[in-house]
Amino acid sequence: MSAKTETPAARAARLRERIEDANYRYHVLDDPDIPDAEYDAMMRELEALEAEHPELATPESPTQRVGGTPSSAFLPVRHEIPMLSLANAFTDPAPRPGEDPNKQTRDFVRKIEQRLDVRDPMFSVEPKFDGLAISLRYEDGMFVRGATRGDGETGEDVTANLRTIKAIPLKLRGKGWPRVLEVRGEVYMPRAGFEAYNEKARASEGKIKPLVNPRNAAAGSLRQLDPRVTAQRPLSFYAYALGAFEGAPMPARHSEVLAKLREWGFPVSPLVSTARGAEGCLAYFAKIGAMRDKLPFDIDGVVYKVDDLAAQRELGFVGRTPRWAIAHKFPAQEQTTLVEDIIVNIGRTGAATPAAKLKPVFVGGVTVTNATLHNADQVARLDVRVGDTVIVRRAGDVIPEVVRVVLELRPKGTKPWEMPKHCPICGSDIVREEGEAVARCTGELACAAQRTQSVFHFAGRRAMDIDGLGERYIEDLGEFGYLRTVADLYKLTLEDLLEMKRRVDERDGTVPETVKAGKIATKWAENLIEAIDKSRRTTLERFLYALGIQHVGESTAKALATWFGDLHLIRHLPWPLLKLVPDIGDEVARAIDAFFEQPGNQKVIDDLLAHGVEIRDTHPPSAKLRTALALENVLARAGIPKLTTRRAKQLAAAFDSFEAVATADMAALVEAGLPRETAECLHGFLHGQEGKTLAKRVVRALKALHEATAHARATAAGPLDGQTVVLTGTLSSLTRDEAKGKLETLGAKVSGSVSKKTSFIVAGEAAGSKLDKAQELGIEIWDEAKLTKFLQQHGG
DNA sequence: GGCCCTCGAGTTCG
DNA sequence: CTCGAGGGCC
């Protein structure tokens, strides 16, 4: 049948099929069956056909890979099933005599054998591509969304860019695929494509910027806002795992999954294989290692996965890393360079961290100029000196690290490096505590570096999230006296910022950037003021984290926030009571206590609150905590020496407040049933300096607790208090359970059926009889948009 | 007292 | 990403 006798629709369909087949043969089977010229001719014909008959153009047509318009941002995508990160194993390059260089790999296999009680389990083995992990979602066989890995939980929507990659099928081939399929794999740039692209870039004489290395090139290409740019990049794709999988039976083995993926049109590396036990894995590692340089793409190791999926489930996870898989990495690439200097950086906690300033060297795909030396022990271990030639590599292919010194090249007259005795920034003593690895500057707030770093932490994305407040501004603000504590941020005015900028320009002798085309450019300052203002409304968890208390990171801050629920309670609580929170022990509790013990810190908190910082999620302490704070428990745990649980109980029965116990005289204590000796001891303690301080704090804390509880009760009246809500139909942005939970926290009762008592209903897509009934009864009807907006307005 | 896990803190480059 | 160290469990 010739083109002439076909209808345009049939011709278009036939062309598409042939183009898709050619793609499949080229990218998946690696066995092209038609010459490039013919392929191009078919594409041109199809494009012409679709231009002539626009109704024939479908989104999954091969001509429609580059579509859509440049976007301004990538929307976050939550992965239904988190994307994993693998543990690493290395082969020890210089094992001690008698030591197994492949201990890590063998340990990995041995643990699996122990847990599963099998010998030499079967592994699916594959090369580990050096690219960018992504997830592709197919619904009813059509590619609907693609996202980057992100932090594993949430990535970025890069669908438009992924569509331009010909190795990624826009629709699934074959049959038997599930209704919902998520495929995980690696986008990478083949070496040849990388070279060719850079050749073109060189020829363009600066018009096209050359790419640094294939891996960054892949990552950078997917982050292009304009898919037409991505389409110009020679990207490819290999699939290696599943995410969501709904509506079809799941194969029993990982190797079968890969075979299925290949049938459905995904490129799967021809190097994937299976191997038995540790020895099989190591043989595969050796084989791939020998091929590494000749491969048409970069790899950084191989991956071993337990092949049996049921066994994978049995093995489970530690955190987000599976017990059933490991990445066996090739040794990192190494380079030698010169140590030009060894400097000390001062961190937020005063930690003095030595860092090597290196002669720029290209290693592992980037130019490295700095390498951390961690601490004085590390410097001593390596014996790095200024002027040394050292071997550097990128640990885990990211953070540069000094591997060792090339002693043969050491110049004469070098001296071992020593931690300076005084802080290079503020001149305070640098002290190293007994048994600690870090040395610290003791300058605290007097040290500009610590000040800058703590403000930087405070403003961080995960803390108060002040957008646009970078290290440079913080330094400058500090230098000119606008910023002593974080509270000063909330006192800054537009004029302050502009004045600071003027002085910075004066100091640097730079042309004032603030003056452009005769007008004073103030946009950056306006933005910053706005960002600061926006940060005022925050959560307890963020606020606590932002304070930068030692040992209090994100998760401890969260625990404190959920357990105590109220800043005023936390800031007055004596440390033994802080230990009520799981995962908070002596050390952390003491650190928190010490922080709040400083009047300066309490003043900063007062200042922050006075300048409009508002914690919007204060809530009553958890029920568990309220029990724990009952009088007898407080007495037992407040840190009063010799007071046993039993005695605490007796006291609690006889007195009705902590204050009463603290002010009781000996007679009263004896009357309460305490043996004379215990009573004397307690009385002595409570009237000693230590006891008085403790009592004062406990009383204050309990008062705060009481107020917090009362306050929370008073404000518990949510905006939907007393209202009955009915949900019907399907909501797209959240599940019914989530909607229910959110409505309930705002005070609503969520019921299942519509009656005249119903306050309003929320009708999603395809709402049925409940909607009819609500209309009949004249009940208010919300659509999803209205619900979302309402939830947003009320902190949903 | 030792082991295993998790968390905190510091870090690099584009 | 890595190291060091705190916390919990045996």
Side-chain angles (χ1 to χ4, degrees), chain A residues 85-88 90 107 111 115 132 151-152 209-213 215-224 300 316-321 323 327 329 332 343-358 360-379 381-382 392-403 432-441 449-450 452-454 456-457 460 462-463 471 544-560 578-592:
Chain A
S85 58
L86 297 185
N88 292 326
F90 288 95
D107 280 351
K111 280 187 194 155
R115 278 182 183 267
L132 189 74
D151 61 6
K209 270 186 74 179
L211 306 167
V212 193
N213 63 54
R215 178 217 178 102
N216 283 7
S221 302
L222 280 194
R223 290 197 50 88
Q224 293 297 324
D300 57 359
F317 293 80
V318 181
R320 194 164 300 147
T321 53
R323 286 204 187 84
K329 296 267 197 85
I343 59 152
V344 167
N345 290 314
I346 305 295
R348 153 172 82 83
T349 62
T353 311
K357 288 284 182 199
L358 305 170
V361 60
F362 194 73
V363 50
V366 297
T367 305
V368 167
T369 52
N370 292 305
T372 178
L373 295 166
H374 293 115
N375 54 49
D377 286 348
Q378 173 81 349
V379 181
R381 203 160 30 221
L382 294 165
V392 290
R393 71 169 169 220
R394 298 216 300 152
D397 277 339
V398 181
I399 313 275
E401 130 186 289
V402 173
V403 183
R432 181 173 169 186
E433 294 290 334
E434 190 75 31
E436 291 252 306
V438 289
R440 287 177 203 280
C441 158
Q450 285 187 60
T452 304
Q453 290 301 314
S454 59
F456 188 60
H457 168 83
R462 328 198 66 130
E471 218 169 314
L544 287 170
Y545 175 60
L547 290 176
I549 305 166
Q550 289 228 1
H551 297 124
V552 179
E554 270 182 292
S555 65
T556 307
K558 188 181 187 139
L560 286 169
L578 291 165
K579 290 203 298 178
L580 292 167
V581 180
D583 292 334
I584 294 186
D586 275 18
E587 203 63 32
V588 179
R590 281 204 162 90
I592 298 169

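When reading the values below, keep in mind they use all heavy atoms of this one structure, side chains included, and skip hydrogens, waters and symmetry mates. First the proteins, then the strands, lettered A, B, ... as listed; each starts at 1. Source: prediction; values computed, not measured.
Residue Arg323(A) places its side chain closer to dC5(B) than to any other of dG10(B), dC7(B), dC5(B). Nearest nucleotide to the Ala437(A) side chain, out of dG14(B), dG4(C), dG10(B): dG4(C). Of all nucleotides listed (dC7(B), dT12(B), dC3(C)), dT12(B) comes nearest to the side chain of Asn370(A). Comparing atom distances between the Thr353(A) side chain and each of dT11(B), dG14(B), dG6(C) picks out dT11(B) as nearest. For Val368(A), the side-chain atoms get nearest to dC13(B) when compared with the rest of dC3(C), dG6(C), dC13(B).
At dG8(B), one or more side-chain N or O atoms of Ser555(A) fall inside 4.0 Å of OP1 or OP2 (strictly under the cut-off). Phosphate proximity of dT2(C) to Thr372(A): absent, as no side-chain N or O sits under 4.0 Å from OP1 or OP2. Remark: Asn375(A) is not in phosphate contact with dC3(C), judged by side-chain N or O atoms under 4.0 Å from OP1 or OP2.
Residue Arg348(A) is tested with Gln450(A), Gln550(A), His457(A) for a side-chain contact (heavy atoms from CB on, under 4.5 Å); the sole match is His457(A).
Residue whose closest nucleotide on DNA chain B sits further toward the 5' end, between Asn216(A) and Gly548(A): Gly548(A).
Residues Leu560(A) and Ile584(A) meet the side-chain proximity criterion, which asks for heavy atoms closer than 4.5 Å.
In summary, Lys558(A) and Asp583(A) do not engage in a salt bridge, as defined by a charged side-chain N under 4.0 Å from a carboxylate O.
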